[in-house]
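Chain naming here is simple, since letters A, B, ... match the order of the sequence lines and numbering starts at 1 in each. Excluded from the calculations below are hydrogen atoms, water molecules and symmetry mates; all remaining heavy atoms, backbone and side chain alike, are included.
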Number of protein chains: 2
Amino acid sequence: MRIGELSRRTGVSQRSLRYYEEQRLLTPTRLPNGYRDYDERTVTTVQRIQILLSAGLGTAAVAEILPCVVDDTVVLAGSCPELIDGLAQERRRIDAAIDGLIAARDILDSLVGRPLHRQDAPAR
Amino acid sequence: MRIGELSRRTGVSQRSLRYYEEQRLLTPTRLPNGYRDYDERTVTTVQRIQILLSAGLGTAAVAEILPCVVDDTVVLAGSCPELIDGLAQERRRIDAAIDGLIAARDILDSLVGRPLHRQDAPAR
DNA sequence: CTTGACCTTGACGTCAATGTAAGGGTTTAG
DNA sequence: CTAAACCCTTACATTGACGTCAAGGTCAAG
């Protein structure tokens, strides 16, 4: 599929899709006329990219992670070597971010007089 | 206290503290020589600012919220008028952000072969 | 009186993911 | 032939919360 369709089906702008390619997150083939040609699986990949980026990972980190994710939800743990502690680090960042968000939400809730729901700890 | 001490005690750079003032988040008095003079409570305020900013709120939103937060964890619900639905909106943003972070964390976990802990829903 | 730590304002730089615009090919349909 | 809808690359603009540097006052200690 070409970039327009991929953009429509993922809700991601063409600009971003080209940017992802520049950052080596996507590597579409080219049609004879130079147009980018994406395969079906790219739709899923793009969604994953969005999730990871919105989680605060940089494109570099995502670029390292993506090749380890095969097919749908398949795990490919051991195959990627010392990448793993990088992942653990990102995981800690995310947990910290979640804690921060919960703290902020609590502040907002206290302003509205909502009771502070204290049952969802960081969940490690 | 002057800006240097506040910076040390909060871990926030002097640059940021001045920026907060420019954005009307802080309004220190001035000493005769022009130096900024912060009172003790500002330490707590700055910490709250950090939490709210890191939660993705803009300085404008924080500026609206701060005057409603008195003392330690005091609630001042009704006094701030139509601000409340703005807060609800921010709250939804935060919930969505948390969900996104959890999704990202799940991806990371699946890479390490960790089981997906599915017990902490958005928690509304 | 001078050094050094502290403070001031002002202004430009940064970073990351995108927007946007310019200038130009290609292909389909009328 | 031509309009319309695609696609291409290049490159500059944007946003927000800062970093950083410049040029300069203030003040306590030696």
Are B:Leu108 and A:Ile65 packed together at the side-chain level, in the sense that at least one heavy-atom pair is separated by less than 4.5 angstrom? yes
If you assign each of B:Thr59 and A:Arg30 to its closest nucleotide in DNA chain D, which residue comes earlier from the 5' end? A:Arg30
Map B:Ser16 and A:Asp37 onto DNA chain D by nearest heavy atom, then report which one ends up closer to the 5' terminus. A:Asp37
Side chain to side chain contact (heavy atoms under 4.5 Å, CB included) partners of A:Ile51, counting only residues at least two apart: B:Ala103, B:Ala104, B:Ile107
Show me the dot-bracket string of DNA chain D, counting Watson-Crick or G-U pairs under 3.5 Å, with | for pairs to another strand and [ ] for crossing ones. ||||||||||||||||||||||||||||||
In whole Å, I'd like the distance from the CG atom of B:Leu31 to the C1' atom of D:dG25. 14 Å
Results of salt bridge (Lys or Arg N to Asp or Glu O under 4.0 Å) for A:Arg24 - residues two or more places apart only: none
Quick check: closest heavy atoms across A:Pro67 and A:Ala63, and the distance to 0.1 Å? CD-O, 3.0 Å
Looking at A:Leu31, is its backbone amide N or carbonyl O close enough to the side chain of A:Arg2 to form a donor-acceptor pair, meaning the two atoms are under 3.5 Å apart? no
Should A:Arg15 be listed as having a side-chain N or O under 4.0 Å from OP1 or OP2 of D:dA13? no
Short of 4.0 Å, heavy atom to strand atom, which residues of residues 20-27 of chain B count as contacting DNA chain D? B:Tyr20
Suppose we screen for side chain to side chain contact (heavy atoms under 4.5 Å, CB included). Which residues come up paired with A:Thr45, at least two apart in sequence or across chains? A:Leu26, A:Ile49, A:Leu66
Who pairs with A:Ser7 by side chain to side chain contact (heavy atoms under 4.5 Å, CB included), at least two apart in sequence or on another chain? A:Gln14, A:Leu17
Could you tell me whether the side chain of B:Leu101 reaches within less than 4.5 Å of the side chain of B:Ile98, counting heavy atoms only? no
Could you pull out all residues at least two apart from A:Ser54 that satisfy side chain to side chain donor-acceptor pair (under 3.5 Å)? none
Pairing residues for A:Asp37 by the salt bridge (Lys or Arg N to Asp or Glu O under 4.0 Å) criterion, not counting sequence neighbours: none
Contact interval (first through last nucleotide) of DNA chain C with protein chain B, 4.0 Å heavy-atom: C:dC6 to C:dA11
Interface residues of residues 50-57 of chain B with DNA chain C (non-hydrogen, below 4.0 angstrom): none
Residues in side chain to side chain contact (heavy atoms under 4.5 Å, CB included) with B:Glu5, at least two apart? B:Met1, B:Arg8, B:Arg9
Smallest heavy-atom separation, B:Leu25 atom then B:Thr59 atom, equals CD2-O, 3.3 Å
Using a strict threshold of under 4.0 Å (side-chain N to carboxylate O), is an ion pair present between A:Arg30 and A:Glu21? yes
Inter-residue atom distance A:Asp109.CG - B:Arg91.CZ, 0.5 Å rounding: 4.0 Å
Do the side chains of B:Val62 and B:Arg48 get nearer than 4.5 Å, heavy atoms only? no
What nitrogen or oxygen pairs link the protein and nucleotides 3-6 of chain D at under 3.5 Å?
unit_1: D:dC6; atom_1: O2; unit_2: A:Tyr35; atom_2: OH; d: 3.4

